[in-house]
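Structure record follows, encoded as structure tokens.
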Amino acid sequence: MTTDVTEVQSGLEGVVAFATEIAEPDKEGGALRYRGVDIEELVGAVPFEKVWGLLVDGSFEPGLPPAIPHPLAIRSGDPRVDVQSALATLAPQWGFRQLIDITDEQAREDLARASVMALSFVAQSARGVGRPPVAQTDVDLGATTAERFLIRWRGEVDPDHVKAIDAYWISAAEHGMNASTFTARVVASTGADCAAALSSAVGALSGPLHGGAPSRVLQMLDEVARLGDAERWVSEALDRGERLMGFGHRVYRAEDPRARVLRRTARELGSTRFEAAEALERAALAELQARKPDRVLATNVEFWSAVVLDQAEVPPELFTSMFTCARVAGWSAHILEQKREARLIRPTAKYVGPPPRPAAQLG
């Protein structure tokens, strides 16, 4: 039985599901704007907590508040699992009510409290089992959200690490409709509480196709370093049918603007991997262009995210959780926007199975 591809789009490719005022990825121009503000004006100039405010409120003030002392009760050994489960428990612990029963102002407050706790939970989980928690008085010495995060995690702050993490969080804070954001909006549309909507979004990151690619970029860089020849490594990898992580994007027809911002950040911070990353990037783009001249396969955010996070000494197993920290801003903005939409999300499926038939045929 055939289907009309104009009616059924695999993966909802190209299907417009929402009208949004939050973010605008400029496909042709290679720009990304948060409520009209280009991220190139934000990274290095505005801290993450103010960018959270821009996305959620449309203004930098008041932004994201500091996290209150709240110990992580569940420790699975996987920070992503820890933060997902811990977020889900906030509603009964803190008395979060369902979105359908609260004002927009209350929803915004709940989202802020839950968002900053997600960062706290990641830091606490990353600190590991058996290490005593950092005193809140020490955490409070941090002037920004990134500084407090690092103090809660490591007990100290390296200014370059703060710059790297802040740049990454801002560049990954929001990017329109993707798997986790769509999940958050679907759950919010049911009238669920804010913590449930955020927790569901984290669950969408459990698969490797969304949020986990940067860790695989470091593997490529290590392999290139061992071989000592970026061009040869790229050619041999493509001959083997391997996928080059960090190149191509389903949205952009030009360079991913987030990659441009993070490349600049890596250069400014003097990343020890910068020269190797540039060499691999040049080799990959040249070989991809030669092999697939009809496709635009430019560098995407995952490639330079890996370099920037590595410069901040973030281990690869924590990359997905760092993406969680960043994306709470976009998720919160979409949850609030969906609340105001006040309509249950219920798309239609086209049945393409067998025609009517008697049960006796199956015996």
Side-chain angles (χ1 to χ4, degrees), residues 20-61 63-64 144-147 149 159-178 181 211 213-214 217 246-271 273-275 277-278 281-282 284-285 296-312 314 319 322-323 325-334:
T20 182
E21 299 179 356
I22 300 168
E24 180 188 13
D26 184 341
K27 299 178 182 180
E28 304 302 329
L32 174 60
R33 291 179 284 272
Y34 295 163
R35 294 194 185 272
V37 182
D38 197 303
I39 63 167
E40 298 213 33
E41 294 186 50
L42 299 171
V43 172
V46 180
F48 173 73
E49 59 268 25
K50 301 303 180 185
V51 174
W52 188 97
L54 171 63
L55 286 166
V56 175
D57 303 320
S59 62
F60 293 139
E61 300 298 336
L64 191 64
T144 66
T145 297
E147 288 181 8
F149 175 87
D160 284 348
H161 294 179
V162 170
K163 292 177 183 177
I165 288 173
D166 202 61
Y168 170 72
W169 281 351
I170 292 170
S171 66
E174 161 61 3
H175 201 249
M177 205 45 52
N178 47 70
T181 301
V217 172
F247 298 93
H249 199 278
R250 289 177 70 174
V251 172
Y252 296 108
R253 301 296 177 263
E255 181 183 47
D256 187 329
R258 300 167 297 176
R260 185 166 58 246
V261 168
L262 292 175
R263 184 192 297 109
R264 182 189 75 200
T265 301
R267 182 188 300 112
E268 291 173 351
L269 293 175
S271 168
R273 290 185 182 267
F274 185 77
E275 291 186 6
E278 272 205 320
E281 182 182 42
R282 285 195 300 269
L285 292 177
V296 177
L297 291 172
T299 312
N300 66 37
V301 66
E302 281 85 6
F303 188 86
W304 286 101
S305 290
V307 178
V308 168
L309 290 174
D310 182 67
Q311 181 66 17
V314 177
F319 282 8
M322 294 299 285
F323 181 79
C325 292
R327 195 51 66 88
V328 293
W331 293 337
S332 295
H334 279 276

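- Close placement of the Phe274 and Trp304 rings is indicated, their centers lying within 6.0 Å of each other.
- For the atom pair CG of Asp256 and CZ of Phe247, the computed distance is 12.0 Å after rounding to the nearest 0.5 Å.
- Between Ala298 and Leu285, the shortest heavy-atom contact is CA-CD2, 3.9 Å.
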Q) Step by step, would you call Leu54 with Val37 a side chain to side chain contact (heavy atoms under 4.5 Å, CB included)? A) CA-CA 9 Å; Leu54 171 63; Val37 182; 4.2 Å; yes
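- Rounding to the nearest 0.5 Å places CD of Gln311 at 4.5 Å from OG of Ser271.
- Under the 4.5 Å side-chain criterion, counting only non-hydrogen atoms from C-beta, Arg264 is in contact with Val43.
- Between Glu281 and Arg263 there is a salt bridge, since at least one side-chain N of the basic residue sits less than 4.0 Å from a carboxylate O of the acidic one.
- From Thr299, atom OG1 reaches atom CZ of Arg258 across 12.5 Å, with rounding to the nearest 0.5 Å.
- Shown here are the side-chain hydrogen bond (donor to acceptor under 3.5 Å, both in side chains) partners of Asp310, two or more places apart in sequence or in another chain: Arg273.
- The structure places CD of Glu302 at 11.5 Å from CZ of Phe319, a figure rounded to the nearest 0.5 Å.
- Scored by the side-chain hydrogen bond (donor to acceptor under 3.5 Å, both in side chains) test, Thr265 finds no partners at all (sequence neighbours excluded).
- Between Met322 and Phe149 there is a side-chain heavy-atom pair separated by less than 4.5 Å.
- Within the 4.5 Å cutoff, side-chain heavy atoms of Leu262 are placed close to those of Val301.
- Here the side chain of Glu49 pairs a donor or acceptor atom with the backbone of Thr145 at under 3.5 angstrom.
- To the nearest 0.5 angstrom, His175 atom NE2 is 8.0 Å from Ile39 atom CD1.
- Closest heavy-atom contact between Val307 and Ala266: CG1-CB, 4.0 Å.
- Under the 4.0 Å criterion applied to side-chain N and carboxylate O atoms, Lys50 and Glu61 are assigned as salt-bridge partners.
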Q. Taking it one step at a time, do Ile22 and Tyr34 satisfy side chain to side chain contact (heavy atoms under 4.5 Å, CB included)?
A. CA-CA 6 Å; Ile22 300 168; Tyr34 295 163; over 6 Å; no
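- Contact annotation: the side chain of Phe60 approaches that of Leu42 to within less than 4.5 Å [non-hydrogen atoms, C-beta and beyond].
- Atoms CH2 and CH2, on Trp169 and Trp52 in that order, are 14.0 Å from each other to the nearest 0.5 Å.
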